[in-house]
Amino acid sequence: MKHLLKRAVATVGTLALLASPLASQAAVTGAFSAGDLIKGSGDTVYYFAANGKRYVFPNAKTYFTWYKDFSTVKTISGGQLATIPLGGNVTYRPGYKMVKITTDPRVYVVDQGGVLRHVGAEQLAQSMYGINWNNQIDDIPDAFFVNYRVGTAIQTVSDYQPSNVMTLTTTIGQDKQFDETSVSVSIGSVSNGYVPSTITIKRGATVTWTNRDNVVHNVSGNGFSSGDLAGGATYVHQFNTVGAFDYKCTIHPVMQGTINVVN
Amino acid sequence: MKRIISPLLLSTVFSLFAFSTAHAAAISPGDLIKGSGSSVYYYGQDGKRYVFPNEKTYSTWYAGYDSVKTITDTELGSLMIGGNVTYRPGIKLVKITTDPKVYAVGLNGTLRWVMTESIARDLYGATWATKVDDVADAFFVNYHVGTPIMASSDFSPSSETAGSLTIGTDKHIGTVAPTPTPTPTPTPTPTPTPTPAPAAKTGTLVPSNTKPGGNELVTLMATASPSSGLWYVNVFFDGVLTRRCEFSPCGADVRMPTGRTSVDAVAEFVWTDGGRAQTTTTIDLTQGSSGAKLTITNPEIKVNDLREIIVDVDASFSASLIDIYLDGGNVRGCNSVQQCRYTAFETSPIGTTHTAYGVIHDANGFTKQTNIGSFTVVTNPRPVVTLVVGKYDMNAGETVDATVTATDDTSVLWTEITTTDGQTLKRCDAATCTISVKRSAIGTFSFVARSSDQLGATASATSSAITVR
């Protein structure tokens, strides 16, 4: 734990340095889409998924297996952030590095969906990650082991090619197998509005609105209308034509949103 | 990110006792164990070790570290990690770093939203706010969200704690099939104990409109009797806590749902002496507002026939949007017209009954809703019979005209007109049949039109009563 503690402190330092210049220049936006990185008023960065939920990076190391820096992070208001439910934790990008659990001597490679596969022999590790394979292992704190599942062990070199695995999974959405043709928008309180208020989707995708507020709202646009949605209720609409579709809540007209449909 | 990692800093506490126990010990399920490092684990009945994500979680279960047994690192490494320990139920309130809701913890890491401050005060005392711990976003995944706590009677911290003596029982570790914890049913309102002549405590809940239409605003007025000594009133509308007052009468403005026939409102009264009362009012929703009309062209339909639903609104209401709902889903929206039409091929299996209604919005946010209509998928639709009567009020000796028209997907074999007294007046081997009837007897009667298609399916329609003076 002490060991972990040092790592944690080092990690905090790294992240804060990188994040602080960003925080000063970023303007608050309501426009973001599935696959974007978002943050609220704090420093914590989340992955916004097609299912309308935000996913946590349990530590900086996990973040840097997916992204080089914080240049693409979009800043939203704290209220909007709180409107988006937490979905779970992001796991290591498959193929990027081998991992071990702090108090477990076994070495694992990471497969798609956070599946850990035991590497039982040094020559296997060497053929996959080269002569310096032992520099390619990260420790995962015990408390984050629960985010992974243990799959079948690696038997031969042909079972797992790190570069192939990395090429196959380039985004967190692919890793977690989110259905990108179905995206979600949360309906928050009157002040937080639709989250995200502006979202870009592909033609033919469906949008699901979920009322996460405890008062009635609706989604009323040109050619689509939800009727009144009580707390927890959802409305689904498919967008088959390209264009910008504005909508609002007719009960609280200050709540407005836009769906941008692109090819 | 800074915040996520900070709870781990608290684990310095763990290192204080790292050297206190030196030799390996025999362990049994339910023990606390550690290796040469400082992390402590719960050794489960399934032979796996469970991680305490931070010191705060540990302290909800154990007061100190005296009972921790030390084993070798090899032994520790050979034990699989089973999962993370969650907060012991009932001890603390928690919130997620980036979510303003305060949750109570139930069995097996169930988070139950405490909906109001006074419920929190009821359950955890005046200093409830000091009992709220932050759970880092990254550990939220260890919990799951259960049903909200809408009233203090929904949750008892002490019995939750008593029901989870060990981490093993909390997580059902080692049990073969963990049965999901049933949602606690709200405790029924206790009937007041008959202490010497108690003033009966009751309350009423009265809607401002007893027959509102869909989407209409209605004020619910909750009145406590007696109003003195009242602590609070909760008004629930359609299962959602809508208003809470510490006075009586208490008014709550609510909007009626659409596409429903009735909706329930509940008022819950609590007095400072512990007296309680609850009352439920069912509001029947008027289906159809004047000027809004739903037409289903074919009340019976074959597979692959066209289903057609038409919603009309008269000129007194300027429609900006007409929506047609089929089986609860929005299937069509029409802008800036007084009529909206939905047409589609029927694909449902024989026997399916569809329901449909229309909602009409104007630019100012006012809405009207039509009746709820239905149509059924059948193998051979019956003919659709329409009956037109010339007049409904006549003097004895006058004549009245009646015309029956039938349409069918095959073809109409015959049509006929009878009266309610069973007298057949005319039968035509055609799709239309007209008759003029002279009535001398004073009283009322109705026409009945019947028709049959080539396959023998018959249908009828009855006119309104015609009065003969």
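All chains are named by letter (A, B, ...) in the order of the sequence lines, taking the proteins before the strands, and each is independently numbered beginning at 1.
Using a 4.5 Å cut-off between heavy atoms, A/I101 contacts chain B through its side chain alone, with no backbone atom that close. With a 4.5 angstrom heavy-atom cutoff, B/F237 does not touch chain A via any of its atoms. For chain A, the nearby part of B/N142 is the side chain; its heavy atoms alone come within less than 4.5 Å. Proximity to chain A (any heavy atom under 4.5 Å) is restricted, for B/L321, to the side chain, taken from C-beta onward. Contacts of A/N218 with chain B are absent, with no heavy-atom separation under 4.5 Å from either backbone or side chain. With a 4.5 Å cut-off on non-hydrogen atoms, A/I84 does not touch chain B at all.
With hydrogens and angles disregarded, no donor-acceptor distance shorter than 3.5 Å links the side chain of A/Y235 to the backbone of B/G329. The backbone N or O of A/S226 lies less than 3.5 Å from no partner atom in the side chain of B/N330, so there is not a single donor-acceptor pair.
Most heavy-atom pairs under 4.5 Å with chain A, from the set B/N84, B/V141, B/V254: that is B/N84. Looking only at heavy-atom pairs under 4.5 Å with chain A, the residue among B/G77, B/G83, B/S78, B/P100 that has the most is B/G77.
Between B/M256 and A/D228 the shortest side-chain heavy-atom distance does not fall below 4.5 Å.
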* Please step through side-chain contact (heavy atoms from CB on, under 4.5 Å) for the pair A/T103 and B/K34, ending with a clear verdict. => CA-CA 10 Å; A/T103 54; B/K34 65 186 275 305; over 6 Å; no
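Note: A/R54 CZ to B/D99 CG = 7.0 Å, rounded to the nearest 0.5 Å. Atom CD1 of B/I81 sits about 12.5 Å away from atom OH of A/Y148, to the nearest 0.5 Å.
Taking both residues in full, the closest heavy atoms of A/F144 and B/A138 are given as CE2-CB, 3.7 Å, listed atom of the first, atom of the second, then distance.
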